[in-house]
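When reading the values below, keep in mind they use all heavy atoms of this one structure, side chains included, and skip hydrogens, waters and symmetry mates.
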Amino acid sequence: MDCTGAVALITGASQRVGKAIAEELARAGCSVAIHFNQSERSARDLAESIIAAGGKAITLQGDLAGQAVPSRLVHAVQDSLGGLDILVNNASVFKADSDAGYEVPHWEYTFRVNTFAPAALIDASAKLLREGRGGKVINLCDIAAERPWRSYGAYCASKAALVNITKLMARRLAPQVQVNGVAPGIIVFPEEFDEASRQKLISRVPLKRTGTPLEIAQTVRFLVEHGDYITGQIVYADGGRSIV
């Protein structure tokens with residue numbers, strides 16, 4: 001796909017990996033819709049920087065756990081930017097399980113944001129994606145979908161479900177739309193990880209370093225610009241962690 005003039009919606013785009021994806025797609029020529037939940041100032045700063053560089057950007061707020069939010073976001077993008085060609089489901093909840101074990105509110109909220117919302121967004125945008133120049137959907141998955149962490153059961157299970165949704169939607173939306181996933185490894189550590197924990201995890205990565213948000217954004221851009229014959233696939237951008 002030629003990104004010049006294409007419209008992209010990126011969820012959770014105000015910070016970290018989502019921000020890098022929005023910036024990268026804007027550099028490629030896309031008009032970008034920057035979704036955020038709570039980080040309004042960061043989202044507006046990002047939009048202003050893209051506009052200052054000659055691009056086009058809008059911001060959209062919404063808690064993706066809300067059932068009506070995905071459809072509202074898609075309609076807002078259509079109204080403001082005239083259509084939708086690229087959907088990047090990046091937003092996610094990353095929170096450890098309770099020491100008490102399985103807790104319904106935690107699991108339910110995690111699945112609503114990490115799994116239900118991407119499925120709903122794909123469904124709500126399917127007509128627009130089919131009508132355009134050939135739509136692209138990129139879901140941000142995780143290598144933990146296949147290698148679950150014992151303290152993050154809800155997160156890992158929700159990402160495993162997202163992998164399945166990626167393959168399902170690739171079949172449903174073919175041939176007009178390609179649906180793929182990107183599974184990052186270690187990119188940005190949570191603040192609560194101490195240095196010893198970080199180094200221990202890095203030591204298990206064959207390339208012996210973390211990835212960067214830009215590297216994930218470039219992988220997304222590759223799938224958008226050069227992935228016309230790729231669908232239903234999960235691209236592992238993890239420094240080789242998934243093979244050891």
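Atoms CD1 and SG, on I21 and C30 in that order, are 12.0 Å from each other to the nearest 0.5 Å. Atom CG of residue L60 and atom OG1 of residue T11 lie 11.0 Å apart, to the nearest 0.5 angstrom. Here the CD1-CG distance, from I34 to L46, works out to 3.5 Å after rounding to the nearest 0.5 Å. Atom-to-atom distance recorded for F193:CZ and I186:CD1 is 8.5 Å, nearest 0.5 angstrom. Here the straight-line distance linking atom CG of L87 with atom OG of S125 works out to 4.5 Å at 0.5 Å rounding. To the nearest 0.5 Å, the span separating CD on Q218 from CG on L223 amounts to 12.5 Å.
No side-chain donor-acceptor contact under 3.5 Å links H226 to the backbone of F222. Between the side chain of T219 and the backbone N or O of E215, at least one donor-acceptor pair lies under 3.5 Å. A donor-acceptor pair under 3.5 Å is formed between the side chain of T115 and the backbone N or O of S158. Side-chain atoms of T231 come within 3.5 Å of backbone atoms of V179 as a donor-acceptor pair (strictly under, hydrogens ignored). Between the side chain of K159 and the backbone N or O of L140, at least one donor-acceptor pair lies under 3.5 Å. Using a distance-only test at 3.5 Å, with no hydrogens or angles considered, no donor-acceptor pair links the side chain of D85 to the main chain of A6. With hydrogens and angles disregarded, no donor-acceptor distance shorter than 3.5 Å links the side chain of H35 to the backbone of L9. The backbone N or O of M1 sits nowhere less than 3.5 Å from a side-chain atom of E225 that would complete a donor-acceptor pair. No donor-acceptor pair under 3.5 Å is formed between the side chain of N139 and the backbone N or O of C141. Distance alone, capped at 3.5 Å, is enough to place a donor-acceptor pair between the S80 side chain and the A76 backbone.
For the pair V235/N180, no side-chain contact is recorded, criterion being any heavy-atom separation below 4.5 Å from C-beta on. Between E40 and T59 the shortest side-chain heavy-atom distance does not fall below 4.5 Å. When side chains are defined from C-beta on, R130 counts as touching V177, because their heavy atoms get closer than 4.5 Å. Side-chain contact between I187 and T212 is absent, with no heavy atoms from C-beta onward closer than 4.5 Å. Residues Q176 and L173 form no side-chain contact, since every pair of their non-hydrogen atoms from C-beta on lies 4.5 Å or further apart. Residues D238 and V205 fail the side-chain proximity criterion, which asks for heavy atoms closer than 4.5 Å. When side chains are defined from C-beta on, N89 counts as touching V137, because their heavy atoms get closer than 4.5 Å. Here the side chains of H106 and D97 are in contact, with some heavy-atom distance below 4.5 Å.
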* To do: Please step through side chain to side chain contact (heavy atoms under 4.5 Å, CB included) for the pair E48 and I51, ending with a clear verdict.
  => CA-CA 5 Å; E48 289 170 5; I51 293 169; 5.7 Å; no
* Asked: Should E103 and Y109 be marked as a side chain to side chain donor-acceptor pair (under 3.5 Å) after you check the CA-CA gap, both sets of side-chain angles, and the distance that decides it?
  -> CA-CA 10 Å; E103 291 186 343; Y109 187 77; over 6 Å; no
* Please step through side chain to side chain contact (heavy atoms under 4.5 Å, CB included) for the pair S203 and Q199, ending with a clear verdict. => CA-CA 6 Å; S203 71; Q199 291 305 318; over 6 Å; no
* Asked: Stepwise, does the side chain to side chain contact (heavy atoms under 4.5 Å, CB included) test hold for N114 with L162?
  -> CA-CA 7 Å; N114 296 4; L162 184 58; over 6 Å; no
* List the steps and the verdict of side chain to side chain donor-acceptor pair (under 3.5 Å) for Y152 and D142. => CA-CA 12 Å; Y152 289 82; D142 197 300; over 6 Å; no
* For the pair F189 and I202, evaluate side chain to side chain contact (heavy atoms under 4.5 Å, CB included) and give the outcome as yes or no after the intermediate values. => CA-CA 11 Å; F189 280 109; I202 291 172; 4.0 Å; yes
* Walk me through it: do R221 and E23 pass the test salt bridge (charged side-chain N to carboxylate O under 4.0 Å, His left out)? => CA-CA 10 Å; R221 180 173 175 175; E23 291 172 331; over 6 Å; no
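Under the 4.5 Å side-chain heavy-atom criterion for Ile, Leu, Val, Met, Phe, Trp and Tyr, M169 and V163 are members of distinct hydrophobic clusters. Residues V69 and L128 share a hydrophobic cluster, clusters being chains of Ile/Leu/Val/Met/Phe/Trp/Tyr side chains in contact below 4.5 Å. One hydrophobic cluster, built from ILVMFWY side chains closer than 4.5 Å, holds both I138 and V17. In the hydrophobic cluster analysis, where Ile, Leu, Val, Met, Phe, Trp and Tyr join through side-chain heavy atoms closer than 4.5 angstrom, I216 is grouped apart from Y236. No path of Ile, Leu, Val, Met, Phe, Trp and Tyr side chains, each step under 4.5 Å between heavy atoms, connects V32 with L73, placing them in separate hydrophobic clusters.
Ring pair F111/W107 is parallel by interplanar angle, where below 30° counts as parallel and above 60° as perpendicular. Below 30°, between 30° and 60°, or above 60°: for F94 and W149 the angle between ring planes is above 60°, a perpendicular geometry.
Ion pairing between a basic and an acidic side chain is recognised when a charged N comes within 4.0 Å of a carboxylate O; E24 and K19 show no such pairing. Salt-bridge formation is detected for the pair E131/K127: a Lys NZ or Arg NE/NH1/NH2 atom is positioned less than 4.0 Å from an Asp or Glu carboxylate oxygen. A salt bridge between D194 and R198 is absent, with no side-chain N of the basic residue lying under 4.0 Å from a carboxylate O of the acidic one.
More than 12 heavy atoms of other shown residues, nucleotides or ligands fall within 6.0 angstrom of atom CZ in R41. Other residues, nucleotides and ligands contribute at most 12 non-hydrogen atoms within 6.0 Å of the CD atom of Q67. For R27, the CZ atom counts as densely surrounded, since its 6.0 Å shell holds more than 12 non-hydrogen atoms of other residues, nucleotides or ligands.
The two residues I50 and A57 come nearest to each other via the heavy atoms CG2-CB, 4.0 Å. Contact record, S14 with S39: OG-CB, 3.3 Å, taken as the closest heavy-atom pair. Of all heavy-atom pairs spanning I86 and L25, the tightest one is CG2-CD1, 4.4 Å. The shortest heavy-atom contact between L64 and A91 is CD1-CB, 3.6 Å. Of all heavy-atom pairs between C3 and A28, the closest is CB-O, 3.4 Å. Pairing each heavy atom of V113 with each of S92, the nearest pair is CG1-CA, 4.1 Å.
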